Amino acid sequence: MNRIEMKNPIVEMDGDEMTRVIWQLIKDELLLPYIDLKTEYYDLGLPNRDATGDEVTREAANAIKKHRVGVKCATITPNAQRVEEYQLHEMWKSPNATIRAMLDGTVFRAPIVTDAIKPVVKNWKKPITIARHAYGDIYKATEYRVPGPGKAELLFTGENGEKFRGTIYDFECGGVLQGMYNKESSMESFARCCFEYALSTGQDLWFSAKDTISKTYDQSFKLLFQKIFDEEYKARFKEKGITYFYTLIDDAVARVIRSEGGFIWALKNYDGDVMSDMVSTAFGSLAMMTSVLVSPDGNYEYEAAHGTVTRHWYRYREGEKTSTNPIATIFAWTGALRKRGELDGTEALQQFADKLEKASLDTIEDGIMTKDLAALSEIPVAEIPDTVGFIRAIRSRLEACL
Ligand code: NAP
Ligand code: MG
């Protein structure tokens, strides 16, 4: 059989633990037999990050800027326990945070929808993608526990010495204070990432905030989105047949619940943090969530939303079989392959991605699923294979449709 040719490479970032095992299985069973896979490989596994002083993570981020498409395996974000477990030289930063900062990107999270698992919200038929502005606000705030009576003021001194001073509150007793900020450049990047992603996936874009109460802060987000939309995206949205609209967050929440899904919901940092957990839980399972990092100039990095599934890895290492779900990692690969195909005009690569996704979902809908899905399934479960068995079941369906 002729393998599918690729014109340009995908930046491949290997990772840790159970997902590293799954990574290799997916390549061996589902990709290499059918595609003449061109990747630029970076080993982001914790031992290699440690050995390279985390240089490998920065190299990978630069490679994404060059090749425009990357796919990443889940990686360990070290904490004190990991420093000991892996005898690390340093408590390295999260690779995702490093890559996100270097690409100035926004993360879009979307559930993989199958008939076997029904969302808690009955009328949701299509995925809802959450775009969270992962910069600033309360995550970078300065806080103060006010000990007793006194005056709290907001003071800004410009480079030219010009000052703004406003009273926050004249405390007659103790209390709390918080000073938070965001940057115009970051808000603009966020807006552009959202517009780009809406165009690239052909979905409507919603943005919501609380501008009625936060008349300067949230209002600035709203105005910047509108300005960038009007000046740079309006015509392209019209051509693509999609819409952008802003609505107050209270109204958005009500509309989201009543909707059928099938759109992107952009949110400020805290709103996105909370709503993404709500939406993903309501759709079913962390093992069925994909995640894509999009930069404002249109670079894409795909990955699963879950972590390295450590608990399964410890059992696997002892020689036990585990029924770990590879679906989100498979969809990270198909997302990257499809995007590579789109950018290079390689029809065959795009079709392969569609077929592999279909074969994966068909397997589940035939009642063959990993343990985590079996627990949620609305259809009769015929078989609960281990990870290898599940991937081979997908392979046989893939071969049938190739
Ligand atoms: P996790 O790896 O997502 O796993 C948490 C639990 O969720 C698992 O123990 C398992 O539950 C279930 N689960 C998640 N993915 C699954 C899958 N594909 N198939 C079946 N079950 C799945 O989160 P964690 O245990 O909190 O974190 C482990 C490591 O991952 C940490 O070192 C963390 O730093 C890293 N992490 C990386 C990323 C990333 O690279 N994007 C994201 C999050 C976490 P049961 O054990 O009950 O079966
Ligand atoms: Mg959260």
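From a predicted model like this one, the values you see are computed outputs, not experimental measurements. Both ligands and their constituent atoms are indexed starting at 1 by order of listing.
- Ranked by closest heavy atom to atom 18 (N) of ligand 1, the top entry among Asp16, Val309, Leu46, Asn325 is Asn325.
- Residue-ligand proximity, Ala287 to ligand 1, at heavy-atom distances under 4.0 Å covers atoms 16 (C), 17 (C), 18 (N), 19 (N).
- Of the polar atoms of Thr308, at least one N or O is found under 3.5 Å from an N or O of ligand 1, judged by distance alone.
- Each of Ser259, Pro111, Ser280, Ser276 was compared with Ile128 under the side chain to side chain contact (heavy atoms under 4.5 Å, CB included) criterion, and only Ser259 meets it.
- Scanning the protein for heavy atoms near atom 33 (C) of ligand 1, the closest one is Thr77 N, 4.1 Å.
- By heavy-atom distance, the residue among Gly307, Ala304, Pro95 lying nearest atom 44 (C) of ligand 1 is Gly307.
- Taking a distance limit of 4.0 Å, we find that atom 6 (C) of ligand 1 is approached by no protein heavy atom.
- Looking at atom 41 (N) of ligand 1, its nearest protein heavy atom turns out to be Glu303 OE1, 3.3 Å.
- The Ala74 neighbourhood of ligand 1 comprises atoms 40 (O), with distances under 4.0 Å to a heavy atom of that residue.
- Contact of the Lys7 side chain with the Arg340 side chain is not registered, since no non-hydrogen atoms from C-beta on lie closer than 4.5 Å.
- In this structure, of Thr322, Thr310, Leu373, the residue bringing a heavy atom nearest to atom 25 (O) of ligand 1 is Thr310.
- Note on ring orientation: taking the six-membered ring where Trp is involved, the planes of Trp313 and Tyr316 are parallel (angle under 30°, cut-offs 30° and 60°).
- Aromatic ring orientation, Tyr181 versus Tyr135: perpendicular (interplanar angle above 60°, classes split at 30° and 60°).
- Of all the heavy atoms of Asn96, the ones lying under 4.0 Å from any atom of ligand 1 belong exclusively to the side chain.
- Residues Pro33 and Arg395 have side chains in contact (heavy-atom distance under 4.5 Å, counting atoms from C-beta outward).
- There is no protein heavy atom closer than 4.0 angstrom to atom 12 (C) of ligand 1.
- Comparing heavy-atom distances from atom 14 (C) of ligand 1 across His306, Arg311, Arg315 singles out His306 as nearest.
- Under the 4.0 angstrom criterion for non-hydrogen atoms, His312 is in contact with ligand 1.
- Taking 4.0 Å as the cut-off between side-chain N and carboxylate O, Asp230 and Lys234 count as a salt-bridged pair.
- Using a 4.0 Å cut-off to heavy atoms of Lys72, the atoms of ligand 1 that qualify are 40 (O).
- Proximity to Leu286 (heavy-atom distance under 4.0 Å) selects the following atoms of ligand 1: 3 (O).
- Within a 4.0 Å radius of atom 36 (N) of ligand 1, the protein contributes one or more non-hydrogen atoms.
- The side-chain tip of Arg132 points at the ring of Tyr139 from less than 6.0 angstrom away and within 45° of straight on.
- With Phe221 as the aromatic partner, Lys268 meets the cation-pi criteria of under 6.0 angstrom to the ring centre and within 45 degrees of the ring axis.
- Considering Lys240, Arg192, Lys238 in turn, Arg192 is the only one that fulfils the side chain to side chain contact (heavy atoms under 4.5 Å, CB included) rule with Tyr233.
- Annotation: Glu17 places no N or O atom under 3.5 Å from an N or O atom of ligand 1; distance criterion only.
- Residue contacts with ligand 1 include Arg82, since one of its heavy atoms falls under 4.0 Å from the ligand.
- Within 6.0 Å of the CD atom in Glu162, the count of heavy atoms belonging to other residues, nucleotides or ligands does not exceed 12.
- Using a cut-off of 4.0 Å between Lys/Arg side-chain N and Asp/Glu carboxylate O, Asp211 and Lys222 are scored as salt-bridged.
- For atom 1 (P) of ligand 1, the nearest protein heavy atom lies under 4.0 Å away.
- The nearest protein atom to atom 40 (O) of ligand 1, hydrogens excluded, is given as Thr75 N, 3.0 Å; this is a heavy-atom distance.
- A parallel orientation is assigned to the rings of Tyr244 and Phe225, their planes being inclined by less than 30° (bins at 30° and 60°).
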